[in-house]
K.L.:
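My structure is below; once you've seen it, I'll send some questions.
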2 protein chains.
Amino acid sequence: MFTPREEVGQRSETVRRANLSAIVRELHLRGPLSRSELVAWTGLTRSAIRSLVGDLVAGDFVVEEAALRLGTPGRPSPQVRLVADSVVVLALEIAVDSLAVAIVGLGGEVHWKERVDRPRAHSSLGDIVDDLCHLAKRARDQRPSYQTPIGVGVAVAGLVRPIDGVVAAGPNLGWIDVPLGAHLAAALDLGAPVEVANEADLGALAEFRRGAARGAEDVVYVHGEVGVGGGIIVGGRPLSGTNGFGGEIGHMPINPAGRPCRCGSTGCWETEIGEVALLARAGYPLDGGRMAVAALIADAAEGRPEAVEALRVTGRWLGVGLAGLVNVLNPRVIVLGGLFSRAFPYLIDDVNAEISALALVASRRVVSVAPASLGIDAPLLGAAELAFEPLLADPVAWLGPRTGAVPQLVVA
Amino acid sequence: MFTPREEVGQRSETVRRANLSAIVRELHLRGPLSRSELVAWTGLTRSAIRSLVGDLVAGDFVVEEAALRLGTPGRPSPQVRLVADSVVVLALEIAVDSLAVAIVGLGGEVHWKERVDRPRAHSSLGDIVDDLCHLAKRARDQRPSYQTPIGVGVAVAGLVRPIDGVVAAGPNLGWIDVPLGAHLAAALDLGAPVEVANEADLGALAEFRRGAARGAEDVVYVHGEVGVGGGIIVGGRPLSGTNGFGGEIGHMPINPAGRPCRCGSTGCWETEIGEVALLARAGYPLDGGRMAVAALIADAAEGRPEAVEALRVTGRWLGVGLAGLVNVLNPRVIVLGGLFSRAFPYLIDDVNAEISALALVASRRVVSVAPASLGIDAPLLGAAELAFEPLLADPVAWLGPRTGAVPQLVVA
DNA sequence: CAGGTTTGTGTTCCTCTCTTGCAAATGTCT
DNA sequence: AGACATTTGCAAGAGAGGAACACAAACCTG
């Protein structure tokens with residue numbers, strides 16, 4: 001009769017879930033913490049923390065270790081640390097010119113990582129899935145001691161419909177409405193849920209949680225390769241939009257007098273700051289791909305004027321678009337990833353100059369522009385974070401109901 | 001020692017707060033609900049709802065009334081209704097060419113409203129505060145039965161620093177770093193907290209909660225008068241940004257070859273879609289203000305070509321900027337307010353055409369553009385919502401601790 | 001129009017979870 | 001070594017929602 005949009009009531013069951021979630025999440029994001037730090041960060045009492053941590057210890061999620069000597073007075077507080085081997089996820093990435101796989105433990109530790117080049121041609125779903133499965137199998141063979149992953153996260157260079165993992169559009173892969181999530185789930189056959197998302201959105205997530213935007217609540221991540229993707233964090237939450245296509249900043253109209261874009265419209269940001277625009281400005285071969293861009297950046301480092309100037313012009317257009325985003329979103333940090341992080345030193349002055357010229361004082365004063373600190377792996381690590389999300393949101397589902405046993409503290 | 005960013009743990013005290021908050025919020029937003037509807041919407045059990053509603057009845061927040069006959073089988077469920085007279089807020093607005101005051105009851109009922117014209121000249125803080133206090137006094141004199149407001153919300157045409165209610169910049173008022181909140185609090189002397197916010201942000205809030213964007217989670221509100229302001233809702237939450245200056249869409253760079261903007265930069269959206277641009281295109285006096293715009297719209301209604309064409313060009317530029325916002329934010333609804341809602345019929349086709357041409361299919365398919373349904377009062381009503389927010393977030397603070405009395409159901 | 005069905009209420013425990021309070025432990029500082 | 005600060009462990013307590021039963025009031029059916 002009624003269709004509740006969201007059940008907002010708090011029940012005792014949800015209280016426990018929220019509190020366990022808070023503890024696991026803090027440990028995942030900050031690393032080992034003492035019990036008293038957990039008390040401070042969650043606002044719960046010592047007794048509650050004791051009981052909850054006890055449950056997590058019983059479920060092999062965390063261990064308690066001897067206290068660190070910090071030189072502070074008072075009884076030392078045991079360190080609570082996640083058991084990174086007991087819970088792992090599989091992270092996959094389908095980038096424009098590479099495939100990557102990683103096994104990541106709870107807490108963010110990367111146990112295994114491998115990246116292979118991929119030709120920039122259109123590829124069939126089957127080939128890509130086969131390659132990824134092959135990489136995943138290698139990873140598991142190399143480290144057989146790991147558990148079955150509790151989830152699989154996939155970063156893909158394309159527009160992804162989050163509800164079913166279908167890639168609605170992947171121009172660099174030649175994909176339209178490709179059911180990547182379902183095929184990967186079947187091919188991997190791990191029994192773990194497979195979550196697919198856009199690579200820039202995941203890059204933003206990774207930089208937000210573990211990279212250059214750590215601690216900021218409002219973040220814009222701009223990922224430039226062939227196309228320009230973006231990921232946005234607003235108030236500490238990824239901006240997804242009505243049907244999950246938010247953050248597509250590459251196709252903001254920026255120059256009404258500009259060039260036609262491969263998306264069909266004209267004057268998109270991508271047409272001014274994408275790889276092709278950069279190469280064209282410097283007079284490099286437009287189909288030179290990553291190597292040509294690398295050469296261009298190397299030439300700029302040696303002071304070759306065409307390269308320097310091309311990067312400066314790109315930086316200006318980058319700044320123009322960012323100024324708009326600064327006004328609209330008032331972010332704390334803008335992270336430049338992909339090609340923009342590799343070319344960062346040659347762009348940043350012009351980017352900042354445009355932001356200063358075009359953005360409102362109040363907003364531009366608080367923003368800083370930084371290169372991606374996770375480098376090429378940002379989307380891959382974001383995919384791992386995506387795969388961990390269900391666990392972080394509800395550890396109870398993996399922990400099982402309370403055992404009833406009195407929690408026992410065993411300090412090693 | 002530690003500075004918790006946010007206390008994320010759920011304590012028994014916060015559970016009660018959250019549940020009462022959920023009930024009061026649902027009633028505030030949806031109007032009277034039966035108990036069984038509350039059960040469905042909160043996910044709590046009948047027992048819990050009964051107990052919580054009993055407390056609210058005891059605190060004179062709500063009344064329970066005889067059930068409505070809906071023609072559905074089963075025992076009728078009493079209607080729970082907020083007592084709109086027992087809790088009111090004072091809403092104030094400082095618009096470009098008017099001042100307004102309203103007394104609004106919990107649930108959104110407007111008990112009193114008055115709007116007076118204001119010359120478009122720069123005004124001193126003292127004069128504005130005096131005028132507002134005068135209006136507020138009249139309102140309270142006219143309806144002396146009302147309680148003292150539990151809060152005061154102020155919508156102002158300018159950039160507002162939320163933490164202290166200082167208007168950092170109000171170009172139409174000639175204000176720079178004006179401590180509006182503090183002065184109003186002192187002058188009104190109501191003992192109630194005074195919250196100040198940007199008028200477009202509050203317009204967005206009002207349209208989101210009670211207007212054209214009701215039910216949507218992702219909303220863009222564009223408010224056009226002299227300048228162009230914006231308010232953004234992302235995932236059901238107002239986008240505030242790092243220091244509260246988010247949503248300033250009027251100064252997105254839209255046309256690098258455009259005109260200088262009064263903000264100091266060039267080619268801002270405002271320079272293409274603001275009042276002055278519109279009047280200039282039609283050949284009307286640039287300082288004609290609201291009357292000139294009204295005349296222009298009236299002329300367009302009669303088919304005068306200059307007026308129609310000027311509105312169409314404005315609509316196109318409006319569409320260009322909105323296309324960018326559609327790509328970035330993937331909203332469900334775009335609400336056009338202020339001048340754009342009055343000129344809506346003459347703009348909308350060109351707006352939609354530009355969005356179709358420039359925005360990505362996936363995002364533009366789900367978005368609709370609607371005129372503000374609350375008209376000129378949207379920011380004022382948003383100010384009321386702002387003032388209610390502390391109550392909605394924590395009814396316990398106004399209700400007091402549980403009485404211990406057994407909740408008694410008394411159906412009138 | 002009687003009886004069945006459905007939906008919802010009132011009431012009484014019950015369970016779950018966090019809180020409180022006290023004593024003990026364990027470090028630093030003087 | 002003693003004072004002091006901080007944290008832990010444990011046990012009892014309090015607050016809040018949940019479950020189950022009996023009953024009530026509407027609609028629907030034959």
Side-chain angles (χ1 to χ4, degrees), chain A residues 1-2 7-23 33-40 42-55 57 64-80 396 401-411, chain B residues 1-2 7-23 33-40 42-55 57 64 66-80 396 401-404 406-411:
Chain A
M1 178 159 66
F2 309 115
E7 299 203 337
V8 287
Q10 293 282 344
R11 290 162 299 175
S12 31
E13 171 198 348
T14 63
V15 169
R16 182 173 144 82
R17 175 181 308 156
N19 288 343
L20 281 169
S21 169
I23 291 174
L33 294 171
S34 70
R35 294 233 293 234
S36 65
E37 286 170 308
L38 284 172
V39 167
T42 59
L44 297 173
T45 59
R46 290 184 286 280
S47 300
I49 292 292
R50 184 179 111 88
S51 162
L52 293 166
V53 169
D55 287 356
V57 169
E64 294 201 289
E65 297 172 331
L68 297 179
R69 315 227 169 151
L70 298 165
T72 55
R75 178 170 172 172
S77 191
Q79 290 287 112
V80 180
V396 179
R402 186 162 231 168
T403 59
V406 179
Q408 286 291 338
L409 171 61
V410 182
V411 171
Chain B
M1 176 159 65
F2 308 116
E7 300 204 333
V8 288
Q10 292 282 345
R11 291 162 303 182
S12 33
E13 171 199 347
T14 63
V15 169
R16 187 173 141 81
R17 175 181 307 156
N19 288 343
L20 281 168
S21 169
I23 291 175
L33 293 171
S34 70
R35 277 207 205 169
S36 64
E37 286 170 309
L38 285 172
V39 167
T42 58
L44 297 173
T45 59
R46 291 192 300 276
S47 306
I49 292 293
R50 188 178 112 88
S51 162
L52 292 165
V53 169
D55 286 357
V57 169
E64 294 202 287
L68 296 179
R69 312 227 170 152
L70 298 167
T72 56
R75 179 170 173 170
S77 190
Q79 290 288 112
V80 181
V396 179
R402 186 164 229 169
T403 59
V406 179
Q408 287 289 339
L409 169 61
V410 183
V411 172

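Numbered from 1 within each chain, the chains take letters A, B, ... in sequence-line order. Note that the coordinates shown come from a computational prediction; the quantities given were computed from them, not determined experimentally.
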K.L.:
Whether Arg50(A) contacts dC10(D) is assessed here as follows: a side-chain N or O lying under 4.0 Å from the phosphate OP1 or OP2. Is that the case?
P.N.:
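For Arg50(A), the contact criterion (side-chain N or O under 4.0 Å from OP1 or OP2 of dC10(D)) is met.
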K.L.:
Rounded to whole Å, please give me the gap between CD1 in Ile49(B) and C1' in dT11(C).
P.N.:
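Answer to the nearest Å: 17 Å.
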K.L.:
Go through the structure and list residues passing side chain to side chain contact (heavy atoms under 4.5 Å, CB included) with Ser12(A), not counting sequence neighbours.
P.N.:
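Not a single residue meets the side chain to side chain contact (heavy atoms under 4.5 Å, CB included) criterion with Ser12(A).
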K.L.:
Grab the CZ-P distance between Arg17(A) and dT17(C) for me, whole Å please.
P.N.:
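Whole-Å distance recorded here is 11 Å.
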K.L.:
With a 3.5 Å distance limit and no angle check, can you tell me whether Thr14(B) reaches the backbone of Gln10(B) through a side-chain donor-acceptor pair?
P.N.:
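No; zero donor-acceptor contacts below 3.5 Å.
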K.L.:
Looking only at non-hydrogen atoms, find the nearest pair between Val396(A) and Arg17(A) and report the distance.
P.N.:
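Between these two residues, the closest heavy atoms are CG2-CA, 3.9 Å.
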K.L.:
Side chains of Ile23(A) and Ile49(A), heavy atoms from C-beta outward: is any pair under 4.5 Å?
P.N.:
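Yes, close enough: below the 4.5 Å cut-off.
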K.L.:
Run the side chain to side chain contact (heavy atoms under 4.5 Å, CB included) test against Thr45(B) and tell me which residues pass, sequence neighbours left out.
P.N.:
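Listed in chain order: Ser47(B), Ala48(B).
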K.L.:
Measure across Thr42(A) and Ala22(A) and return the closest heavy-atom pair with its distance rounded to 0.1 Å.
P.N.:
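Reported closest heavy-atom pair: CG2-CB, 4.4 Å.
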K.L.:
Under 4.0 Å from OP1 or OP2 of dA16(D): is there any side-chain N or O of Asn19(B) that close?
P.N.:
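No, because none of the side-chain N or O atoms of Asn19(B) sits under 4.0 Å from OP1 or OP2 of dA16(D).
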K.L.:
State whether Arg16(B) places a side-chain N or O below 4.0 Å from either non-bridging phosphate oxygen (OP1 or OP2) of dA14(D).
P.N.:
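No, because none of the side-chain N or O atoms of Arg16(B) sits under 4.0 Å from OP1 or OP2 of dA14(D).
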K.L.:
List in chain and number order the residues that pass side chain to side chain contact (heavy atoms under 4.5 Å, CB included) with Ser77(B), two or more places apart in sequence or in another chain; answer none if no residue qualifies.
P.N.:
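Checked Ser77(B) against side chain to side chain contact (heavy atoms under 4.5 Å, CB included); matches are Ser34(B), Arg35(B), Ser36(B).
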K.L.:
Between N or O atoms, less than 3.5 Å apart, protein on one side and nucleotides 1-6 of chain C on the other: list the pairs.
P.N.:
residue	atom	partner	partner atom	Å
dT6(C)	O2	Gly74(B)	N	3.3

K.L.:
Kindly express the pairing pattern of DNA chain D in dot-bracket notation, using | wherever a base pairs with another strand and counting only Watson-Crick or G-U pairs under 3.5 Å.
P.N.:
||||||||||||||||||||||||||||||
K.L.:
Minimum heavy-atom separation for Arg16(B) to Leu52(B), with atom names?
P.N.:
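The pair with the smallest heavy-atom distance is NH1-CD2, 4.3 Å.
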K.L.:
Considering all heavy atoms of both residues, which atom of Glu64(A) and which atom of Val57(A) are nearest to each other, and what is their separation?
P.N.:
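Result for this residue pair: CG-CG2, 4.0 Å.
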K.L.:
Do you know the tightest heavy-atom contact between Leu44(A) and Arg11(B)?
P.N.:
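The pair with the smallest heavy-atom distance is CD2-CG, 3.7 Å.
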K.L.:
Got a second to check how far Arg46(B)'s CZ is from Leu38(B)'s CG, nearest 0.5 Å?
P.N.:
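So the CZ of Arg46(B) and the CG of Leu38(B) are separated by 13.5 Å.
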K.L.:
In this structure, how many angstroms lie between the C1' atom of dT7(D) and the CD atom of Glu37(A), rounded?
P.N.:
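From Glu37(A) CD to dT7(D) C1': 13 Å.
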K.L.:
Quick check for you: among dT8(D), dT17(C), dG17(D), whose closest atom lies nearest to any side-chain atom of Val15(B)?
P.N.:
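Nearest listed nucleotide: dG17(D).
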K.L.:
Using whole Å, report how far CD of Glu64(A) lies from P of dT7(D).
P.N.:
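About 15 Å, once rounded to whole Å.
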K.L.:
Are there any protein N/O atoms within less than 3.5 Å of an N/O atom in nucleotides 19-23 of chain C, and if so, which ones and at what distance?
P.N.:
residue	atom	partner	partner atom	Å
dT19(C)	OP2	Thr45(A)	N	3.2
dT19(C)	OP2	Thr45(A)	OG1	2.8
dT20(C)	O4	Ser47(A)	OG	2.6

